[in-house]
Amino acid sequence: MKNFDLAKIFFEMASYLKMKDESFRSIAYNRVALTLESMEEDVEDIYGRGGLKALEDIPGVGKNIAQKIEEYLKTGKIKSYLNLKKQTPVKLDEISMVEGMGPKKAKALFEKLGVRNLKDLEKAAKSHKISPLFGFGEKTEKNILEGIEFLKKSKGRSLLGHITPIVDEITEKLGSLKEVQEISVAGSVRRRKETIGDVDMLVASESPEKIMDFFVRLPWVAKAWSKGKTRSSVRLTQGFDVDLRIVSPKSFGSALQYFTGSKEHNIATRRIAILKGLKLNEYGVFRGQKALAGKTEEDVYRAIGLCYIPPEMREDTGEVELAQKNSLPEIIGYKDIKGDIHCHSDWDGGENSIKDMAEAARKMNYEYVGISDHTKYLRIEHGLDEKQLEERNKEIDSLNKSGRHIRILKGCEANILNDGSIDIKDESLAKLDYVIAGVHSSMKMDKERMTQRIINAMKNPNVDIISHPTGRLIQKRDEYQIDFDKILRAAKEFNVALEINSSPERLDLKDANIRRAKEAGVKMVINTDAHHKDQLKLIEFGIAQARRGWAEKKDILNAYPADKLLNYFKNAS
DNA sequence: GCCGTTTTCGGCCCGACTGTTTTCAGTCG
């Protein structure tokens, strides 16, 4: 897949062009880079299928860029890119990661001080060579040093699941002020992206000053970057930034739409507004001076001829076109899950008893809960052998018999061994309501073997679900080397569901793969993999990713009632 | 460099804030 390599090159070219003040060419390259990054089809396949002509059908790609893509596919490099790099040998991608540094400042520092990378930049700032320069000053120099410190500490982005608790607290604190009429989180947090750069919050109020004073003095604030009447920005001690915008209530909807983004989605919606002779900005939808909408997001979308688009879908990957035709898929809702079926109990070293897990699941308003303890290969997780599994089943049977709990299903999370066989006997697996199988070892296997390993596991008629199918840990461990298309075809053929693991560190399947699975007609389940009863509530993150992957209720098996779910598993094997 | 339901030429999203200026460029979202 060359899409990402090419996207990276075009992003860089866009920055270099901006440096040279060629802003419109820069926009063109940036746009193509974004398209390539989010495109599902391999650009190499497109070229193979229809040559230059087919490349030009990609939005934003014209003759010129098509030729550059061809050049890259044939020779592995792009001459004009190398030339740009030669002209200004500056690591722009590195330098612009520092808050407040962009192409223009980078250019000035290169020409005057020879700054080529992050290290040079830090050295120049530390030896106070930057502040005397024209256009720079004390503050800029200080901000550069602080920006570099921040980068070293945080790697830039935080996991969604790690920041939402504090975001909820801030929302509650601000929301309790009497001056606040409405409040919502916006930006990538509202879109539920798996990682977050900074947090955007929006408030509707007629008296913003008091709120801003309160905001920059919140107990978690380490530093206020800026403070104004409509926008303030702070860094929290937790290591990420929060932006607060305040607008008048009559613009709350349009501002929420605007600050929720994504940027690409906004560009698309604004284009539609322009085509209709309207103007869309954070203050509303306007025809000339006349405001047509602004109070709610629904009004805004309606005014430009679109139906409401859920925040999780706003990435300009086709949702705007469907909204124009009023044919968006009805994506799964946050209350549609009927039971979590990947939960561990104290039988395999989890924190809580089966009874406690069932009680916690009842509080989640579930109809059922599935206990799927590890099996014997995983010694470190106290995996159960055939005999222990039998004992555990008896406990579940007696709990179910007592009638005092929600329905408890008997499952397990078995291990897929290197050859694709399962680490526990088929007779034992057959006695369970369902079987989850997952890879927990030899994760660095080569692509062909790993793909075949998982497919072999799916061929076992007892296996119903593959847990965390790609094995990634966000920002820590890459996905296994697998041919995902082959996995999808096998999942469809053998009627095996793929898990959407809700753990904020995993989110596996991820959004793009969920969409591919859905398109391939493969069923999924959304689970938490809870090892503690408090982790059941993490399901919201899995549902959020499912929504980002456009999954509908019918695609998600544990949105079915228990009997329908069990029937599915029975008939699938 | 790309693009077209007023356009094959003339636009390309656009407003807020900062830090440096003395009227604005650069950055961000």
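Ionic pairing of A/Lys518 and A/Glu552 is present here: one or more N-O contacts between side-chain nitrogen and carboxylate oxygen are shorter than 4.0 angstrom.
Residues in residues 202-215 of chain A take part in these side-chain hydrogen bond (donor to acceptor under 3.5 Å, both in side chains) pairs, two or more places apart or across chains: A/Asp213-A/Lys227. Under the side-chain hydrogen bond (donor to acceptor under 3.5 Å, both in side chains) criterion, the residue pairs touching residues 162-172 of chain A are A/His162-A/Glu505, with sequence neighbours excluded.
Of the residues in residues 180-188 of chain A, none lies under 4.0 Å from DNA chain B by heavy-atom distance. Shown for residues 134-146 of chain A: residues whose heavy atoms fall under 4.0 angstrom of DNA chain B, namely A/Gly135, A/Phe136, A/Gly137, A/Glu138, A/Lys139, A/Thr140, A/Asn143. Of the residues in residues 282-303 of chain A, those lying under 4.0 Å from DNA chain B by heavy-atom distance are A/Glu282, A/Tyr283. Within residues 46-63 of chain A, the residues having any heavy atom under 4.0 Å from DNA chain B are, by residue number, A/Pro59, A/Gly60, A/Val61, A/Gly62, A/Lys63.
Among the atoms of the strands shown, none is found under 4.0 Å from any heavy atom of A/Phe259. Residue A/Arg25 is in base contact, counting any heavy-atom pair closer than 4.0 Å across all strands shown. Note on A/Ile27: nothing from the nucleic acid sits closer than 4.0 angstrom, heavy atoms only.
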Under 3.5 Å, which donor-acceptor pairs link side chains of residues 124-136 of chain A to any protein atom two or more places apart or in another chain?
unit_1: A/Lys126; atom_1: NZ; unit_2: A/Glu122; atom_2: OE2; d: 3.2
unit_1: A/Ser127; atom_1: OG; unit_2: A/Lys123; atom_2: O; d: 2.8
unit_1: A/Ser127; atom_1: OG; unit_2: A/Ala124; atom_2: O; d: 3.4
unit_1: A/His128; atom_1: ND1; unit_2: A/Glu141; atom_2: OE1; d: 2.6
unit_1: A/Ser131; atom_1: OG; unit_2: A/Glu141; atom_2: OE2; d: 3.4

Please set out all donor-acceptor pairs under 3.5 angstrom arising from side-chain atoms of residues 45-62 of chain A, sequence neighbours excluded.
unit_1: A/Tyr47; atom_1: OH; unit_2: A/Glu70; atom_2: OE2; d: 2.5
unit_1: A/Arg49; atom_1: NH2; unit_2: A/Glu41; atom_2: OE1; d: 3.3
unit_1: A/Arg49; atom_1: NH2; unit_2: A/Glu41; atom_2: OE2; d: 3.1

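Look at the P atom in both B/dT21 and B/dT27: the space between them is 15 Å, to the nearest Å.
Residues satisfying the side chain to side chain donor-acceptor pair (under 3.5 Å) test with A/Asp508, not counting sequence neighbours, are A/Thr470. Annotation: side chain to side chain donor-acceptor pair (under 3.5 Å) contacts of A/Glu499 (sequence neighbours excluded): A/His342, A/Asn501, A/Asn527. When the side chain to side chain donor-acceptor pair (under 3.5 Å) test is applied to A/Asp243, the partners found at least two apart in sequence or on another chain are A/Arg231, A/Ser233.
Protein chain A contacts DNA chain B from B/dG1 to B/dG29, reading 5' to 3' and using non-hydrogen atoms of the protein with a distance under 4.0 Å.
B/dT8 is unpaired under the Watson-Crick or G-U wobble criterion, no partner having all donor-acceptor distances under 3.5 Å.
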